[in-house]
Amino acid sequence: MSAQVKSIFNDQQILALVSRVDRLGKVKAVLINNVAHEIIAQAAHITPCKINDTVLLTHTSQGFVVTAVLASEDQAPAALIKNSQGHITIEAQQSITLQTAKGLIEIFADGTIVLEGQDITANSEQDLTLAGWPIRLN
């Protein structure tokens, strides 16, 4: 979809409250000055929204596009993600967690790494090194 930006509020940023979302948390409608407006598109990499979240909109000739979700007062900024020629680094001050319904990887600032899962497999074409003292098996 191509669109040209058209300001509707004297070149001010447009903030709106989410009034309707789909089952995935994608914004479907917002309220601007207590008037409902349909959303035609949402930028990628926006976290799932809830009703009454505040979003930043861009108005195009096709309609409103959600471009960002504003953080709540108690919400920390997003993690720092860097892409260096295809190598992705995620930085956090305290810890990082990757989690699914039945598995978890946590990395803590003190160097502790926790792996949890129903089946953890390590495959190596060369020696597999476990270093540390002691190494406890079961």
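None of these values were measured; they are calculated from a predicted model.
- Atom CZ of Arg20 is separated from atom NE2 of His37 by 13.0 Å, given to the nearest 0.5 angstrom.
- Contact record, Ser72 with Asp74: OG-OD1, 2.8 Å, taken as the closest heavy-atom pair.
- You'll find the side chain of Glu38 stays beyond 4.5 Å of the side chain of Ile40, heavy atoms only.
- Within the model, atoms CD of Glu91 and CD of Gln93 stand 8.0 Å from one another, a figure rounded to the nearest 0.5 Å.
- A side-chain donor-acceptor contact under 3.5 Å links Asp110 to the backbone of Thr112.
- Asn83 and Gly86 get closest at one heavy-atom pair: OD1-N, 2.9 Å.
- The salt bridge (Lys or Arg N to Asp or Glu O under 4.0 Å) check on Glu106 picks up nothing, with sequence neighbours excluded.
- Side-chain contact between Leu15 and Leu56: present, with at least one pair of heavy atoms (C-beta onward) separated by less than 4.5 Å.
- Counting all heavy atoms, side chain and backbone alike, Cys49 lies closest to Val27 at SG-CG2, 3.6 Å.
- Taking 4.5 Å as the limit, some side-chain heavy atom of Thr54 sits within range of a side-chain heavy atom of Leu17.
- The environment of Gln94 atom CD is sparse: at most 12 non-hydrogen atoms of other residues, nucleotides or ligands sit within 6.0 angstrom.
- Proximity of a side-chain donor or acceptor of Ser19 to a complementary backbone N or O of Ala29 within less than 3.5 Å is detected.
- Taking hydrophobic clusters as Ile, Leu, Val, Met, Phe, Trp and Tyr residues chained together by side-chain heavy-atom distances below 4.5 Å, Ile96 shares a cluster with Ile88.
- Residues satisfying the side-chain contact (heavy atoms from CB on, under 4.5 Å) test with Lys50, not counting sequence neighbours, are Asp53.
- From Phe64, atom CZ reaches atom CD1 of Ile14 across 5.5 Å, with rounding to the nearest 0.5 Å.
- Phe108 and Leu104 fall within a single hydrophobic cluster, where Ile, Leu, Val, Met, Phe, Trp and Tyr side chains are chained together by heavy-atom contacts under 4.5 Å.
- Put simply, the side chain of Thr100 gets close to the backbone of Gly103: a donor and an acceptor are under 3.5 Å apart.
- Residues Leu31 and Val55 are members of separate hydrophobic clusters, defined by side-chain heavy-atom contacts under 4.5 angstrom among Ile, Leu, Val, Met, Phe, Trp and Tyr.
- Taking the side-chain contact (heavy atoms from CB on, under 4.5 Å) definition, one finds that Asn34 meets it with nothing, sequence neighbours left out.
- Residues Val66 and Leu57 have side chains in contact (heavy-atom distance under 4.5 Å, counting atoms from C-beta outward).
- Distance alone, capped at 3.5 Å, is enough to place a donor-acceptor pair between the Asp22 side chain and the Leu24 backbone.
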